[in-house]
Amino acid sequence: MFKILLLALLLTTNAAIAQDRPAAPVSGFNPTQSEVQQKALLNGFDKILGNTTLPDSRAATLIQPAGPAWRDYRRSWLPWIAAAAVLGMLALLLLFFLVRGRIRIEGGRAAQTILRFGAFERFMHWMTATAWCILALSGLNIAVGRIVLLPLVGSDAFSTLSGWLKISHNFLAFPFTAGIILMFLIWVRHNIPGRLDVEWIKAGGGFIGHAHPPAKKFNAGQKAIFWIVVLGGGLVAASGFTLIFPFYFTDVSGMQIAQIAHGLLALGMIAAMLGHIYIGSVGMEGAIDAMASGDVDLNWAREHHSLWVDEKIERTRGEALKPAAHPAE
Amino acid sequence: MARMKFLCDAERCIDCNACVTACKNANEVPWGINRRRVVTINDGKPGERSVSMACMHCTDAPCAAVCPVDCFYTTADAVVLHSKDLCIGCGYCFYACPFGAPQYPKLGNFGSRGKMDKCTYCSGGPEGADDSAAEFAKYGANRLAEGKLPLCAEMCSTKALMAGDGDIIAQIYRERVTKRGYGSGSWGWQTAYKANIDV
Amino acid sequence: MRMFVVAVVTMIVLATAGSLVLNAVQEPADVAFTTKGARPDLAEAPG
Ligand code: HEM
Ligand code: SF4
Ligand code: SF4
């Protein structure tokens, strides 16, 4: 569409050039008439288009000056944005850990656990998470591996590694996308924002201060993560598939935009997920159980998901409860 | 050492595509890949011009700057070459190249597009010995090592397409422009070398 | 842990399936960018 518009523009200006050409003698060749000016074309359009006899439509683009601009973005901006997303986030998390420390189960471990995530939910989570980790590492390698890793391992090893990482990046896109869709279908009904979330945020969510505002299956923080994963991951997947199918949906300008969008969205998602990984592991006592065995400590559940615990016990008539494997000392 | 450049005098190019054919033959370029092509602007209208275009061997080459595996290098003659052993076929050089020079043996990015191929200024690749069979199979001819210029420009019937040291071909172009009284735009020079030829 | 292993196996299966499907639709440049008349069809060559 964009291409057609450009072509139309090009044609109209040609007509304009043709109109104000000086009256040339009917016979005799006046080569200066309506000369095509490269400068005018370069200033007026995002690229200079013509015709070729080649069956490859991309060959008809004579000059696309946006290429060097895209180079400048990748060379001058991308490494800093990547550093901010990864190193900046790690620094923030370290700072948070030093200030707040590990968030403990304030009531200590209970004698009972409660089933939080069933087998299918854990399966779905780990499939998406594993694919995501490899996608993130291989993506970072494409973006900044040349600066970070290449000097350490040398050209040959780096090229072989990057080749494999690239293949894994391209094909792990499928389980990742499948996981995002499953997560959306299974968890969306628990993630509609509500009034409880406002109060949860006002109370600092238990991160800032030590309040434990009531929450259902997912509190406002977890809902935010859910929407970052579903919407952010969805957009990352959409832009990623545009890159895997080069020139199927768009031209070279579109590919540049898709590539920038994919990189920036992915880096944003990496920053958010680092936070998620932190709070799910070292950041909070008892949180990892939810995705490891699926059974979480009852006191942990009461502190973070009070309304969900009551409802779950009632609905399963207590069958979700189990004696803890390692009872409280 | 010379600073090799291409210059297409669009006033002289007659869209005969002989440069394209010469390139394909000299380098045994694979089917479906064209290292050089002729683009016609305003086809069939007043002011029609044809420009023969290939890799321009840019100053501060965009392709080299974006390559994730850093497989490009610039020779002493300022020719931009790459290593097909290191290339992973990601396609980034095509997005960065202002002239659409890099091309790939496969169209989808599924696994790989294959090793990128582009104009080598008829000077082969990084393969050990110049003019070796291994070099020819991967990159094509190494005419520069034999003291010859790229075949496309050498056989251009109207001498529209010129190859050689930038200063010398710019001087030839300048003389033409003074003689005939008008220029034809040194197509691509502003973008590739950040300098037009002023007459 | 068991679910983690199942997840990784499924992930590999889906990725492999994806690669097989996509490689089947991969179009080489010598087919895409040449006309049929220009393509030497070795199967039809005489002798
Ligand atoms: C879900 C489907 C996804 C698809 C189809 C996809 C596809 C791609 C493709 C085709 C590229 C171009 C380089 C190459 O060919 O390897 C790329 C680059 C990249 N991807 Fe993905 N990707 C996906 C998900 C992700 C995820 C989840 C992340 C990060 C968490 C990510 C991070 C990146 C990064 C950082 C780059 C490099 C960007 C740059 O160089 O500026 N991708 N992706
Ligand atoms: S014309 Fe394209 S391929 Fe050639 S040096 Fe410039 S950016 Fe690289
Ligand atoms: S396709 Fe090859 S040469 Fe081009 S940027 Fe990618 S790895 Fe480098």
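Residue numbers start from 1 in every chain, and the chains themselves are labelled A, B, ... in the order their sequence lines are given, proteins ahead of strands.
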Next item on the list: For chain B, find which of Met255(A), Gln259(A), Lys166(A) contributes the most heavy-atom pairs closer than 4.5 angstrom.
Entry: Lys166(A)
Notebook entry, point to check: In terms of heavy-atom proximity below 4.5 Å to chain A, should Cys67(B) be classed as side chain, backbone, both, or neither?
Noted result: both
Margin query: Counting only non-hydrogen atoms closer than 4.5 Å, does Ala10(B) touch chain A with its backbone (N, CA, C, O), its side chain (CB onward), both, or neither?
Written below: neither
Notebook entry, point to check: When only pairs under 4.5 Å are counted, which of Asn17(B), Thr40(B), Val69(B) shares the most heavy-atom pairs with chain A?
Noted result: Thr40(B)
Check: Which pair of non-hydrogen atoms, one from Trp70(A) and one from Ala96(B), has the smallest distance, and what is that distance?
Finding: CE3-CB, 3.6 Å
Notebook entry, point to check: Atom NE2 in His169(A), atom SG in Cys90(B): separation rounded to 0.5 Å?
Noted result: 11.5 Å
Margin query: Working to the nearest 0.5 angstrom, can you tell me the gap between Arg71(A) CZ and Cys63(B) SG?
Written below: 9.5 Å
Note to self: Less than 4.5 Å to any heavy atom of chain B: does that hold for the side chain of Ala59(A), its backbone, both, or neither?
What the structure shows: both
Margin query: Has Arg113(B) got a side-chain atom pairing as donor or acceptor with Pro246(A)'s backbone, closer than 3.5 angstrom?
Written below: no
Note to self: Taking every non-hydrogen pair under 4.5 Å, which of Val252(A), Ile63(A), Asn170(A) racks up the most with chain B?
What the structure shows: Ile63(A)
Notebook entry, point to check: Looking at side-chain heavy atoms only, is the closest gap between Asp156(A) and Leu86(B) below 4.5 Å?
Noted result: yes
Next item on the list: Would you kindly check if the NZ (Lys) or CZ (Arg) of Arg74(A) is within the cone defined by 45 degrees around the ring axis of Tyr95(B) and under 6.0 Å from the six-membered ring centre?
Entry: no
Next item on the list: Using a strict 4.0 Å threshold on nitrogen-to-oxygen distance, state whether Asp56(A) and Arg37(B) make a salt bridge.
Entry: no
Check: Taking all non-hydrogen atoms of both residues, which atom of Ala65(B) and which atom of Arg146(A) are closest, and how far apart?
Finding: O-NH1, 3.2 Å
Margin query: Applying salt bridge (Lys or Arg N to Asp or Glu O under 4.0 Å), can you list everything that pairs with Arg174(B), at least two apart in sequence or on another chain?
Written below: none
Note to self: What's the separation between atom CD1 in Ile142(A) and atom OH in Tyr92(B), rounded to the nearest 0.5 Å?
What the structure shows: 5.5 Å
Notebook entry, point to check: Atom CD1 of Ile167(A) and atom CD1 of Ile88(B): how far apart are they, to the nearest 0.5 Å?
Noted result: 9.0 Å
Margin query: Between Phe171(A) and Phe110(B), does the ring-ring contact (aromatic ring centres under 6.0 Å, His included) criterion hold? Intermediate values first, please.
Written below: CA-CA 8 Å; Phe171(A) 295 124; Phe110(B) 321 141; 7.7 Å; no
Margin query: Taking side chain as everything from C-beta outward and backbone as N, CA, C, O, which of these in Ala101(B) sits under 4.5 Å from a heavy atom of chain A? Side chain, backbone, both or neither.
Written below: neither
Check: Under a 4.5 Å heavy-atom cut-off, does chain B meet the side chain of Ile244(A), its backbone, both or neither?
Finding: both
Next item on the list: Select one option (side chain, backbone, both, neither) describing which atoms of Tyr73(A) are under 4.5 Å from chain B's heavy atoms.
Entry: neither
Check: Quick one: what part of Val66(B) sits under 4.5 Å from any heavy atom of chain A, side chain, backbone, both or neither?
Finding: both
Next item on the list: Taking all heavy atoms of Val38(B) and all of Thr52(A), pick out the closest pair and write down the distance.
Entry: O-CG2, 3.2 Å
Margin query: Side chains of Phe158(A) and Asp70(B), heavy atoms from C-beta outward: is any pair under 4.5 Å?
Written below: no
Check: Rounded to the nearest 0.5 Å, how far does CG of Asp85(B) lie from OG1 of Thr160(A)?
Finding: 9.5 Å
Next item on the list: Locate the shortest heavy-atom distance separating Cys87(B) from Ser159(A); write the atom from each residue and the value.
Entry: N-OG, 4.5 Å
Next item on the list: Could you give me the CA-CA distance, side-chain angles and deciding distance for Asn109(B) and Phe245(A), then say whether side-chain contact (heavy atoms from CB on, under 4.5 Å) is met?
Entry: CA-CA 6 Å; Asn109(B) 192 12; Phe245(A) 290 85; over 6 Å; no
Item checked: Heavy atoms from other residues, nucleotides or ligands near CZ of Phe184(A) exceed 12 (cutoff 6.0 Å) -> no
Next item on the list: Mind checking the CG-OG1 spacing from Asn34(B) to Thr53(A)? Nearest 0.5 Å is all I need.
Entry: 8.0 Å
